[in-house]
Amino acid sequence: MQYWLMKSEPEAFGIDDLAGRPEQTEPWDGVRNYQARNMMRDEMKVGDPVFFYHSNCDLPGIVGIAEVARASYPDFTAFDPDDKHFDPKSNPDKPTWFMVDVKFVRKLQRTIGLQELKQQPELADLALVRRGNRLSIMPVSRQQWDFILGLE
DNA sequence: GCCAACGTTGGC
DNA sequence: GCCAACGTTGGC
């Protein structure tokens, strides 16, 4: 089993939005970065636990837990000219972009802020706290996962 | 295949 | 709103 962290801007789609969806599940569409795509397409399996991270907001940090509810399938928004994430070069017969479905598990009792995460020597290798990192999906080790939950 | 220009991310 | 970091694009 692999653990993950996925970023989302709460103004666009936050943890409460996920909790309010039918079956508390939502396709993670719109990822247009190859590294992130590869992780969704090749490595994310049903049941994998996910930290839900709020970015670009007053208090950036981990706000909840989700899990992968459906493994990789083509991101249909890439084929919709009206969609914000339309990719004119993407071909439905040979899709470029993939997504997974993510299901709400629970909110954390408090937000574990980016600042706090950065202060932990145990998390020095976490991609999230490395300089200049812009990955929206990243792996989290079992040790990192347990440590972060211990901060809650 | 290089690299400058440009667009995006995301913390602050 | 600013801007550093980084990915992508496209001319050559």
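First the proteins, then the strands, lettered A, B, ... as listed; each starts at 1.
Residues Leu149(A) and Val140(A) fall within the same hydrophobic cluster, defined by Ile, Leu, Val, Met, Phe, Trp and Tyr side chains chained together at heavy-atom separations under 4.5 Å. A continuous path of hydrophobic side-chain contacts links Val102(A) to Phe104(A) [ILVMFWY only; heavy atoms under 4.5 Å]. By the rule that hydrophobic residues join a cluster once side-chain heavy atoms approach within less than 4.5 Å of another member, Met138(A) and Phe98(A) end up as members of separate clusters.
The aromatic rings of Trp28(A) and Phe52(A) sit perpendicular to each other, their planes meeting at more than 60°, with 30° as the lower class boundary.
Rounded to a whole Å, the CD1 atom of Ile137(A) is 13 Å from the P atom of dT9(B). Atom pair Lys84(A):NZ and dG7(B):C1' shows a separation of 13 Å (rounding to whole Å applied). One atom, NZ of Lys7(A), and another, C1' of dG11(B), lie 10 Å apart when rounded to the nearest Å. Atom-to-atom, CZ of Arg32(A) to C1' of dT8(B) comes out at 14 Å; the value is rounded to the nearest Å. The CD1 atom of Ile62(A) sits 16 Å away from the C1' atom of dG11(B) (whole-angstrom rounding). One can place OH of Tyr34(A) at 14 Å from P of dG7(C), the figure rounded to the nearest angstrom. Summarising the geometry, the separation between CG on Leu135(A) and P on dG11(B) is reported as 13 Å, rounded to the nearest angstrom. Atoms CD (Glu11(A)) and P (dG11(B)) sit 13 Å apart, rounded to a whole Å.
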Let me see the working for Leu135(A) and Met39(A) under side chain to side chain contact (heavy atoms under 4.5 Å, CB included), right down to the final yes or no. CA-CA 11 Å; Leu135(A) 264 187; Met39(A) 286 187 271; 3.8 Å; yes
Show the numbers, then the answer: is there a side chain to side chain contact (heavy atoms under 4.5 Å, CB included) between Asn33(A) and Arg37(A)? CA-CA 6 Å; Asn33(A) 169 281; Arg37(A) 178 210 62 182; over 6 Å; no
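Between Trp97(A) and Phe79(A), the ring center distance fails the sub-6.0 Å criterion.
The NZ atom of Lys84(A) lies 10.0 Å from the CG atom of Asp29(A); values are rounded to the nearest 0.5 Å.
Taking 4.0 Å as the cut-off between side-chain N and carboxylate O, Arg110(A) and Glu116(A) count as a salt-bridged pair.
For the segment residues 115-134 of chain A, the set of residues with a heavy atom within less than 4.0 Å of an atom of DNA chain B comprises Gln115(A), Lys118(A), Arg134(A), in numerical order. Within residues 48-56 of chain A, the residues approaching DNA chain B are Tyr53(A), Ser55(A), Asn56(A), by heavy-atom distance under 4.0 Å.
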